[in-house]
Amino acid sequence: MGILLSEHKSFLIKRIISEEPFSEIHDELYLDDDSFQLFNTLESKKFNHQSFSFSVVKGENQCEIKAGYFVGVDWLGKTGRTIYVEPKINAGLSQYFQNCLSEEENSIPATEEFESNEKAETREINYLKILLDIMALPQTAGYSKEIIQIDWKAHPISIDQKDDHLTPFLIVQFLQHLKTIVRKGLKKSYYKVQENLNSRIKGKVLLGPHIKKNVFKNRLTSTFCEFQVFGEDHLENRFLKKVLAFSISYIGNNPLLFSSGTEFKHILNYCRPAFEHISTGVNEDQLKNIRKNPFFNEYGEAIRIGQLILKRFSYNITKTTRKKIETPPFWIDMPGLFELYFYCQLIKANPQDQRYIHYQFSTYGNHLDILISKPGYEMVIDTKYKLKYTKSHIHKDIRQVSGYSRLKKVINEIKSKNNTWEEDKVIDCLIIYPYLDQQNAGQQENTSSSLLKDFSLANIKKQFEKTENQITVYHKVFKLGINLPLIDKTG
């Protein structure tokens, strides 16, 4: 049995106590003593040194499993059960925070309103659309492999094809790398060709095939040879074409997973003609001996992801049409995806200021999300994948971003770009958070004026003047929300 959760939700495992009655509810599971004992050894699952894919809190006669901001499928230790976390956030919670901003009197008490909104339909984040934007920029595409973990050594888990989030993620990464390769032009290389030549010899004669195909059949003027050709129909391009065929089959059989259908259709139509004259015969074992060419860096990452896709389907294209599939345990870092999405928007809106935008600026074990060092626009930016900033703020987060602005390396970086900068000057601190109510964003000018749509540095700086964007209990600390693409279930 699997446990289904949305992001940042909890599930209770309880021991059945015979003398006490109980009633089953959707986010609780009651087990007998023997089954409950299996959860004694269950531990929180680490994603990296500072984050957990899911957390486990044990109490007397109960075990609470808490989903964080990670999406994925995994085994729950040695219990024989699985956990599946969807990329969904409670839209009712977002609306509750938004309603708290309104100054109008409401006849419903705040606690009742929150409880009713807790039951509201969750909104599903369109993480593939986010990934498409990230992969479209070379500055952000390279970081995408750090936001997913796949455990190929673990036993696979059986899920419905429609619940598969790993394969679409890999396919989007692959197609964007492939689009970059096609834009630059397919690499040409020497590759071996075996051919039965008439009245001539080229390269070396393969005696075994020559005797079998020519001598025994009295074809005295033919010679079976192996020789090298310089062109595009070499091993790497053949492999990419094979993975492209898998991707086309998967997208065609799972249209609901790819809601941004026109964008994927454009990429496929752009890439397919480039491989029209490339054959499909390829031996995956030969890819281990490929040497990377620094002029074609995209090939290395595209082949790596392509191998994962083929391994995902056991090199059998018919598995792309199945309703039930087996997937290795995996986790997608949604806060990391959100962070890259904002960085992507920042780069696109400020192409002339890229040298002033420092992503993951590191110093003394600290990693700032983004540092802006442009004279007149200096600021430290921290992205927080938390809805609470719609209404309030979190003191721990503000202390963190404020501490970043006091680092000497940060001050020195700013001074290197601006000689007139004074060391005792307070740097602006900005927190970027997600905003989910996309349908009403354009209608709620008064209540959602903190929503950021223009990502230029000049506009961001201008937003600091508005009271609703200021965290007034702190000096020069601001917050701005950005829209995340959502999956429209009505369309």
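We count residues from 1, following the sequence as given.
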Asks: If we only count heavy atoms from C-beta on, is the L42 to I65 side-chain gap below 4.5 Å?
Replies: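 When only atoms from C-beta onward are counted, I65 and L42 do touch, with a gap below 4.5 Å.
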Asks: State, yes or no, whether a side-chain contact exists between I159 and T82 at a heavy-atom distance under 4.5 Å.
Replies: no
Asks: Rounded to the nearest 0.5 Å, what's the gap from CG on N459 to CG on L480? Could you check?
Replies: 8.5 Å
Asks: For residues I148 and F47, report the shortest heavy-atom separation together with the two atoms involved.
Replies: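 Looking at all heavy atoms of both residues, the shortest contact is N-CZ, 4.4 Å.
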Asks: Could you check whether any side-chain heavy atom of F52 comes within less than 4.5 Å of a side-chain heavy atom of K66, counting everything from C-beta outward?
Replies: no
Asks: Classify the angle between the aromatic ring planes of Y343 and Y143 as parallel (below 30°), tilted (30 to 60°) or perpendicular (above 60°).
Replies: perpendicular
Asks: Decide yes or no for P485 and I130: does some side-chain heavy atom of the first lie under 4.5 Å from some side-chain heavy atom of the second?
Replies: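 A side-chain contact exists here, since the closest heavy-atom pair is under 4.5 Å.
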Asks: Sequence neighbours left out, what passes side-chain hydrogen bond (donor to acceptor under 3.5 Å, both in side chains) with Y377? Give chain and number order.
Replies: none
Asks: Does a salt bridge link D397 with K386, judged by any charged N lying under 4.0 Å from a carboxylate O?
Replies: yes
Asks: Would the distance check show the side chain of H234 and the main-chain N or O of K187 forming a donor-acceptor pair, the cut-off being under 3.5 Å?
Replies: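 Between the backbone of K187 and the side chain of H234 there is a qualifying donor-acceptor contact (under 3.5 Å).
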Asks: Could I get the full list of side chain to side chain contact (heavy atoms under 4.5 Å, CB included) partners for N419, not counting sequence neighbours?
Replies: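 Residues passing side chain to side chain contact (heavy atoms under 4.5 Å, CB included) with N419: none at all.
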Asks: Say whether, by atom type as modelled, one donor and one acceptor occur between the side chain of N269 and the main chain of K265 under 3.5 angstrom.
Replies: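 Confirmed, N269 side chain pairs with K265 backbone.
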Asks: Take atom CD in E60; do more than 12 heavy atoms of anything else shown fall under 6.0 Å from it?
Replies: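 No, not enclosed.
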Asks: Could you tell me whether a side-chain N or O of E378 sits under 3.5 Å from a main-chain N or O of G376, the two making a donor and an acceptor?
Replies: yes
Asks: I would like to know whether I13 and I3 meet side-chain contact (heavy atoms from CB on, under 4.5 Å); could you show each step before the answer?
Replies: CA-CA 10 Å; I13 310 291; I3 294 174; 3.8 Å; yes
Asks: Which residue pairs pass the salt bridge (Lys or Arg N to Asp or Glu O under 4.0 Å) test when at least one of the two sits in residues 355-365, sequence neighbours left out?
Replies: none
Asks: Assess whether a salt bridge exists between K409 and E413, defined as any Lys/Arg side-chain N lying under 4.0 Å from an Asp/Glu carboxylate O.
Replies: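 No, K409 and E413 are not salt-bridged.
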Asks: Would you indicate whether the side-chain heavy atoms of I372 and L430 approach each other to under 4.5 Å?
Replies: no
Asks: According to side chain to side chain contact (heavy atoms under 4.5 Å, CB included), who are the partners of E43, at least two apart in sequence or on a separate chain?
Replies: K58
Asks: Partners of T167 by side-chain hydrogen bond (donor to acceptor under 3.5 Å, both in side chains), sequence neighbours excluded?
Replies: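 Only D164, R312 meet the side-chain hydrogen bond (donor to acceptor under 3.5 Å, both in side chains) criterion with T167.
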Asks: Decide, yes or no, whether a salt bridge links K415 with E423 under the criterion of side-chain N to carboxylate O below 4.0 Å.
Replies: yes
Asks: Are any side-chain N or O atoms of T180 and backbone N or O atoms of Q176, one a donor and one an acceptor, separated by less than 3.5 Å?
Replies: yes
Asks: Check for a donor-acceptor pair, side chain of K476 on one end and backbone N or O of V426 on the other, with a separation under 3.5 Å.
Replies: yes
Asks: Please report the closest heavy-atom contact between K242 and L310, naming both atoms and the distance.
Replies: CD-CD1, 4.3 Å
Asks: With side chains defined as the heavy atoms from C-beta onward, is the minimum distance between H165 and Y84 less than 4.5 Å?
Replies: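 They are in contact (side-chain heavy atoms under 4.5 Å apart), so the answer is yes.
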Asks: Sequence neighbours left out, what passes side chain to side chain contact (heavy atoms under 4.5 Å, CB included) with Q345? Give chain and number order.
Replies: D133, Y341, K348, F455
Asks: Checking H395 now: which residues fulfil side chain to side chain contact (heavy atoms under 4.5 Å, CB included) with it, not counting sequence neighbours?
Replies: H393, R399, Y474
Asks: Return the OH to CZ distance between Y404 and F361, rounded to the nearest 0.5 Å.
Replies: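 With rounding to 0.5 Å, OH (Y404) is 12.5 Å from CZ (F361).
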Asks: Might you confirm whether atom NZ of K188 has over 12 heavy atoms from other residues, nucleotides or ligands at distances under 6.0 Å?
Replies: no
Asks: Would you check if the side chain of K241 reaches a backbone N or O of F275 as a donor-acceptor pair within less than 3.5 Å?
Replies: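 Yes.
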Asks: What salt bridge (Lys or Arg N to Asp or Glu O under 4.0 Å) pairs are there with at least one residue in residues 357-377, not counting sequence neighbours?
Replies: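 Found D353-K374.
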Asks: How many angstroms lie between atom CZ of F36 and atom OG1 of T79, to the nearest 0.5 angstrom?
Replies: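 Going from CZ on F36 over to OG1 on T79, the span is 12.0 Å.
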Asks: Using atom types as modelled and distance alone, determine if a side-chain donor or acceptor of S44 lies under 3.5 Å from a backbone N or O of V56.
Replies: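 Yes; at least one donor-acceptor contact below 3.5 Å.
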Asks: For R304, which residues count as a salt bridge (Lys or Arg N to Asp or Glu O under 4.0 Å) partner, sequence neighbours excluded?
Replies: E301
Asks: Between I381 and V401, is any pair of side-chain heavy atoms under 4.5 Å apart?
Replies: no
Asks: Among residues at least two apart in sequence or on other chains, which ones pass side-chain hydrogen bond (donor to acceptor under 3.5 Å, both in side chains) with Y299?
Replies: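 Y299 satisfies side-chain hydrogen bond (donor to acceptor under 3.5 Å, both in side chains) with N237 only.
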Asks: Where is the tightest heavy-atom contact between I181 and E298, given as atom of each residue plus distance?
Replies: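 Heavy atoms only, the tightest pair is CG1-CB, 3.5 Å.
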Asks: Please name the pair of heavy atoms, one in A349 and one in S456, separated by the smallest distance, quoted to 0.1 Å.
Replies: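 Nearest heavy atoms, A349 then S456: CB-N, 3.7 Å.
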Asks: Would W152 and L308 count as a side-chain contact (heavy atoms from CB on, under 4.5 Å) if you check the C-alpha gap in whole Å, the side-chain angles of each, and the deciding distance to 0.1 Å?
Replies: CA-CA 10 Å; W152 293 104; L308 297 181; 3.4 Å; yes
Asks: Quick one: closest heavy-atom pair of F70 and V85, and the distance?
Replies: O-CG1, 3.1 Å
Asks: Who are the side-chain hydrogen bond (donor to acceptor under 3.5 Å, both in side chains) partners of Q62, not counting sequence neighbours?
Replies: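 Q62 satisfies side-chain hydrogen bond (donor to acceptor under 3.5 Å, both in side chains) with no residue once adjacent residues are dropped.
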Asks: Check the pair L346, L457 against side-chain contact (heavy atoms from CB on, under 4.5 Å), reporting the backbone distance first and the verdict last.
Replies: CA-CA 8 Å; L346 205 59; L457 295 179; 4.3 Å; yes
Asks: Let me confirm one number: the CG-CD1 distance from L337 to I332, rounded to the nearest 0.5 Å.
Replies: 7.5 Å
Asks: Does some side-chain heavy atom of Y127 sit less than 4.5 Å from a side-chain heavy atom of P168?
Replies: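 The answer is yes, as the side chains (C-beta and beyond) meet within the 4.5 Å cut-off.
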Asks: For the side chain of Q470 and the backbone of F464, is there at least one donor-acceptor N/O pair under 3.5 Å apart?
Replies: yes
Asks: Donor-acceptor pair, distance only, cut-off 3.5 Å: does the side chain of W75 make one with the backbone of H155?
Replies: yes
Asks: So, for L240 and A302, which heavy atoms are closest and what is the spacing to 0.1 Å?
Replies: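 That would be CD2-CB, 4.0 Å.
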Asks: Which pairs pass salt bridge (Lys or Arg N to Asp or Glu O under 4.0 Å) with one or both residues in residues 44-57, sequence neighbours excluded?
Replies: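 Output for this query lists K45-D74.
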Asks: Quick one: pull up NE2 in H177 and CG in L175 and give me the separation to the nearest 0.5 Å.
Replies: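 Going from the NE2 atom of H177 to the CG atom of L175 covers 10.5 Å.
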Asks: Under the criterion side-chain contact (heavy atoms from CB on, under 4.5 Å), I'd like the reasoning laid out for Q307 against I303: C-alpha separation, chi angles, the key distance, then a yes or no.
Replies: CA-CA 6 Å; Q307 288 174 320; I303 289 173; 4.1 Å; yes
Asks: When rounded to the nearest 0.5 angstrom, what distance separates CG in L166 from CD1 in I171?
Replies: 9.5 Å
